Amino acid sequence: FLLFFIFSFINYYYFYFEIDVFIFSFALYVFLFFRTSVFQPKEADILRKAYPDVLFEFNFDFNKRDWKVDIHSPVFVNTQDYKHKVFYWAGGRLLPEEELSNKDKYWKLIYPYSKEIRDPSNFSDDDTKRMGEFGSSKNRKESLGTPMFFYDFIYGAKSQLIIEDHIHHTTFLGKKTRLHERVEAAAKRVESQIYELAKSDSEVKSFVDSIKSADAYYWRIIEGTNRKSFHSYGIAIDILPKRLNGKAIFWSWTKDKDPKNWMRTPLKDRWMPPLSVIKIFEKEGFIWGGKWIIWDNMHFEYHPELTL
């Protein structure tokens, strides 16, 4: 009887142990699947679509209580030679580990890009006060602004010497310029569509004929800040006309003349490209500086993560 009991117990235990192991394994698999895919930040897919040749791998770091993001990016466009760097999601800022303590000082990389041009005639007194504070020398000097670490990595902008291996001499809308190799194809698509539209649209043709310069790459710090300009990456283009005819084009130049009311400059008094041209740029992943609070109407910047 004792032997029968022992044998029965072993079989019973082994059977249920097998079930327990199966249940545990299945639960662990489901947990890992949801941890690395379903519960990823929704912006993860936006980044993958915006930069299809860049690999983004999200894994939750329980010690940091944040998403660890392993990013693999081609060293040069259309090559199989990849570089790798680890970032943390940091609420959408993609920061290196050593910058996590400064997380709240940075802006998020992905923000709602305005579909419409803000009309100053609709601004309240509170709006203009906020804009004045945002554009103040103190705020621009102290704010860390856009975290540039992700862009430094994918564009190879660690130094001027390194990034210039990625800068191509080319033309844009008939003007000599220098562009990063990652954005050159998008810029050429913009150019082709503008030229095609100019054949049937007199406003667009007049715009093209009026262009004085289309400068892009220039290694420099943003005026009044401690941050590199996106011109330093060769992904921003400034289109300047031959004549402004008394119109404003850049908030800071207007602020120098009218420090209290620059933010209320009417749209009719600002130079801007035709709306159809702006839409072509946006379709190809460029944002227009004329939609910013501190408006820069000559400026287009490649950020497909904001226009998708």
Side-chain angles (χ1 to χ4, degrees), residues 26-74 77 82-118 130 134 143-155 157 180 182-183 185-186 189 227 230 233 235-236 278-294 300-308:
F26 180 74
L28 182 61
Y29 172 80
V30 170
F31 169 74
L32 291 174
F33 173 77
F34 275 84
R35 189 189 103 179
T36 58
S37 57
V38 177
F39 293 149
Q40 288 180 16
K42 63 180 185 297
E43 295 90 349
D45 283 339
I46 294 175
L47 289 171
R48 292 185 179 108
K49 290 175 183 175
Y51 303 97
D53 61 337
V54 178
L55 306 177
F56 298 86
E57 182 182 347
F58 284 73
N59 287 289
F60 197 78
D61 185 330
F62 285 95
N63 291 324
K64 299 291 184 185
R65 297 181 181 179
D66 197 1
W67 289 96
K68 178 185 173 185
V69 189
D70 285 88
I71 302 180
H72 300 260
S73 177
V77 170
Y82 276 73
K83 55 188 176 181
H84 167 252
K85 192 170 180 65
V86 175
F87 294 90
Y88 282 86
W89 184 240
R93 296 167 179 85
L94 282 178
L95 300 178
E97 183 176 355
E98 61 270 19
E99 283 294 322
L100 288 177
S101 60
N102 295 319
K103 179 177 77 172
D104 293 335
K105 296 180 181 179
Y106 289 103
W107 303 339
K108 293 183 179 181
L109 290 182
I110 298 178
Y111 59 85
Y113 173 65
S114 178
K115 293 181 180 179
E116 306 296 332
I117 303 171
R118 295 179 175 90
R130 259 195 321 273
F134 184 77
S143 171
L144 294 179
T146 301
M148 309 299 272
F149 309 101
F150 168 68
Y151 302 113
D152 283 344
F153 174 64
I154 65 168
Y155 291 112
H180 195 284
R182 287 191 67 88
V183 308
R189 290 194 298 271
R227 306 189 303 277
F230 278 109
Y233 298 77
I235 67 170
I278 295 169
K279 287 179 181 178
I280 289 172
F281 270 99
E282 291 175 339
K283 189 177 99 173
E284 296 298 339
F286 290 84
I287 61 173
W288 178 50
K291 291 185 176 180
W292 294 337
I293 290 174
I294 48 175
F300 290 92
E301 198 170 282
Y302 188 71
H303 284 294
E305 69 275 16
L306 299 180
T307 61
L308 283 171

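Position 1 is the first residue of the sequence; numbering continues from there. Computed from a predicted model, the values in this text were never measured in an experiment.
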Y88 vs E99, side chain to side chain donor-acceptor pair (under 3.5 Å): CA-CA, chis, key distance, verdict: CA-CA 9 Å; Y88 282 86; E99 283 294 322; over 6 Å; no
Side chain proximity check, F87 to W67, heavy atoms < 4.5 angstrom: no
Residue pair G290 / I117: nearest heavy atoms and the distance that separates them: O-CG2, 4.2 Å
Full working for ring-ring contact (aromatic ring centres under 6.0 Å, His included) between F62 and F60: CA-CA 6 Å; F62 285 95; F60 197 78; 5.2 Å; yes
F56 side chain near D70 side chain, heavy-atom distance below 4.5 Å: no
Minimum-distance pair of heavy atoms, taken over all atoms of P147 and L109: O-CD2, 3.5 Å
Separation of L95 CG from K105 NZ (nearest 0.5 Å): 12.5 Å
F39/F58 under ring-ring contact (aromatic ring centres under 6.0 Å, His included): CA gap, chis, key distance, verdict: CA-CA 10 Å; F39 293 149; F58 284 73; over 10 Å; no
Sub-4.5 Å side-chain heavy-atom contact between I293 and R118: yes
Single hit among Y151, Y233, F286 for ring-ring contact (aromatic ring centres under 6.0 Å, His included) with H303: Y151
Donor-acceptor contact present, side-chain R93 to main-chain K103, <3.5 Å: yes
Carboxylate-amine/guanidinium contact D53 R182, below 4.0 Å: yes
Stepwise salt bridge (Lys or Arg N to Asp or Glu O under 4.0 Å) test for E282 and K115: CA-CA 10 Å; E282 291 175 339; K115 293 181 180 179; over 6 Å; no
CZ-CH2 distance between F134 and W292, expressed to the nearest 0.5 angstrom: 10.0 Å
Nearest atoms (heavy-atom pairs only) where T307 meets G285: OG1-CA, 3.4 Å
Test log, rule ring-ring contact (aromatic ring centres under 6.0 Å, His included), inputs Y82 and H72: CA-CA 6 Å; Y82 276 73; H72 300 260; 7.2 Å; no
Under-4.0 Å salt bridge between E116 and K291: no
Reported CD-to-NZ distance for the pair E97 and K68, which is rounded to 0.5 angstrom: 9.0 Å
Test: R227 cationic atom under 6.0 Å from W107 six-membered ring centre, within 45° of axis: yes
Nearest heavy atoms of A50 and P304, plus distance in Å: O-CG, 3.6 Å
Point-to-point distance, once rounded to the nearest 0.5 Å, from CG of L47 to CG of L94: 6.5 Å
Rounded distance [0.5 Å steps], CZ in F149 versus CD1 in I71: 13.0 Å
D61 side chain to K64 backbone, donor-acceptor under 3.5 Å: yes
Pair Y302, E284: side-chain N/O donor-acceptor within cut-off below 3.5 Å: no
Geometric cation-pi criterion K83 and F153, 6.0 Å radius, 45° cone: yes
Geometric class of the H180/Y155 ring pair [parallel <30°, tilted 30-60°, perpendicular >60°]: perpendicular
Straight-line distance of F230 CZ to I287 CD1, nearest 0.5 Å: 8.0 Å
